[in-house]
Amino acid sequence: MLNSKGFDLWADGYDKSVGMSDKDGTYPFAGYKQILNVIYNRVLTSKSNTVLDIGFGTAALTAKLYERGCHIWGQDFSERMIELAKKKMPKAELFQGDFSNGLVDELEHNRYDAIIATYSLHHLSDGQKIHFIKKILPLLHDGGCLYIGDVMFETRTELERQKALIGEEWDDEEFYFALDELTEFIPQAKYEKFSFCAGLLSIKG
């Protein structure tokens, strides 16, 4: 798994490498842009004004929401990612911190209309994911929604099948979603599939 320094080094070429994988329809970013577009439209349609982005990276999604007048809050552990995001969103409230250790205090003391986590929560183990999701859901205003776009599979069996097919390209240091296990603990999660390796979870607060 990349640490914060690894992401600092990857930051400037991140959007390009993601875009190539998405365009080619390959693991791990097949479906990436479509997921971001869906989240973007749903946040705006629901008139969500205050948005928290967890692991925002280069702000590919939240910069667009920022341009439409959303008040953006966020946490990322890469100093370089934050620097790039700040150029796009100078008035956003962005904090540095490893969310595997939780959110920084400033973010935990706020409430949000929407919370976004795109291609970030796979850095948490399966148990950590469930704990983290349950912890952040109360930060939503009534009627708010948590959107999680990531590498995910409907079942553990399908995850293992794709792992075997992908072979050496598979990242064994990341923990991808197996929905049949997650929904045992978060039954209100709504899943939508966007590619053979990517999907969107929508969870109402």
Problem - Any side-chain donor near an acceptor of the partner, D76 and S78, under 3.5 Å - result: no

Handout entry: Donor-acceptor pair between H71 and N49 side chains, under 3.5 angstrom
Key = no

Exercise for the section: Give the intermediate values and the outcome of side-chain contact (heavy atoms from CB on, under 4.5 Å) for residues L182 and Y191. Expected result: CA-CA 11 Å; L182 179 76; Y191 166 68; over 6 Å; no

Inter-residue atom distance [X].[atom1] - [Y].[atom2], 0.5 Å rounding:
| X | Y | atom1 | atom2 | result |
| --- | --- | --- | --- | --- |
| L159 | E181 | CG | CD | 8.5 Å |
| I148 | Y119 | CD1 | OH | 12.5 Å |
| S48 | I39 | OG | CD1 | 12.0 Å |
| T58 | I82 | OG1 | CD1 | 12.5 Å |
| E93 | L52 | CD | CG | 11.5 Å |
| M89 | F56 | CE | CZ | 6.0 Å |

Exercise for the section: I would like to know whether I130 and K134 meet side-chain contact (heavy atoms from CB on, under 4.5 Å); could you show each step before the answer? Expected result: CA-CA 6 Å; I130 294 165; K134 287 186 173 182; 4.1 Å; yes

Practice task
Check the pair Q162, F196 against side-chain contact (heavy atoms from CB on, under 4.5 Å), reporting the backbone distance first and the verdict last.
Solution key: CA-CA 8 Å; Q162 289 295 339; F196 73 96; 3.5 Å; yes

Carboxylate-amine/guanidinium proximity below 4.0 Å for [X] and [Y]:
| X | Y | answer |
| --- | --- | --- |
| K86 | E83 | no |
| R42 | E192 | yes |
| E108 | K135 | yes |

So do the side chains of [X] and [Y] get within less than 4.5 Å of each other, counting heavy atoms only?
| X | Y | answer |
| --- | --- | --- |
| D113 | V51 | no |
| Y112 | H141 | no |
| K204 | Q188 | no |
| I72 | T50 | no |
| V43 | Y147 | yes |
| L179 | T155 | no |
| D150 | T118 | no |
| F99 | F77 | no |

Taking all non-hydrogen atoms of both residues, which atom of [X] and which atom of [Y] are closest, and how far apart?
| X | Y | value |
| --- | --- | --- |
| A189 | L201 | CB-CD2, 4.1 Å |
| L44 | C70 | CD2-SG, 4.2 Å |
| L36 | A60 | CD2-CB, 4.2 Å |
| Y27 | E169 | CE2-O, 3.2 Å |
| F153 | C197 | CE2-CA, 3.7 Å |
| L94 | A85 | CD1-CB, 3.9 Å |

Exercise for the section: Let me see the working for D171 and K163 under salt bridge (Lys or Arg N to Asp or Glu O under 4.0 Å), right down to the final yes or no. Expected result: CA-CA 9 Å; D171 191 338; K163 178 180 178 179; over 6 Å; no

Give a yes or no on whether the backbone of [Y] and the side-chain of [X] come within a donor-acceptor separation of less than 3.5 Å.
| X | Y | value |
| --- | --- | --- |
| D98 | S100 | yes |
| H131 | G127 | no |
| S195 | A198 | yes |
| N101 | G97 | no |

Problem - With S125, the side-chain hydrogen bond (donor to acceptor under 3.5 Å, both in side chains) member among H123, K129, Q128 - result: Q128

Exercise for the section: Quick one: sort the Y176 and H122 rings into parallel, tilted or perpendicular, breaks at 30° and 60°. Expected result: perpendicular

Handout entry: Aromatic ring pairing F29/Y32, orientation class (parallel under 30°, perpendicular over 60°, tilted between)
Key = perpendicular

Problem - Common cluster, M152/L165, ILVMFWY with side-chain heavy-atom separation under 4.5 Å - result: no

Practice task
Look at atom CG of D142 and say whether more than 12 heavy atoms of other residues, nucleotides or ligands are closer to it than 6.0 Å.
Solution key: no

Exercise for the section: Under the side-chain contact (heavy atoms from CB on, under 4.5 Å) rule, what do I186 and I133 come out as? Steps first, then yes or no, please. Expected result: CA-CA 9 Å; I186 307 173; I133 290 170; 3.4 Å; yes

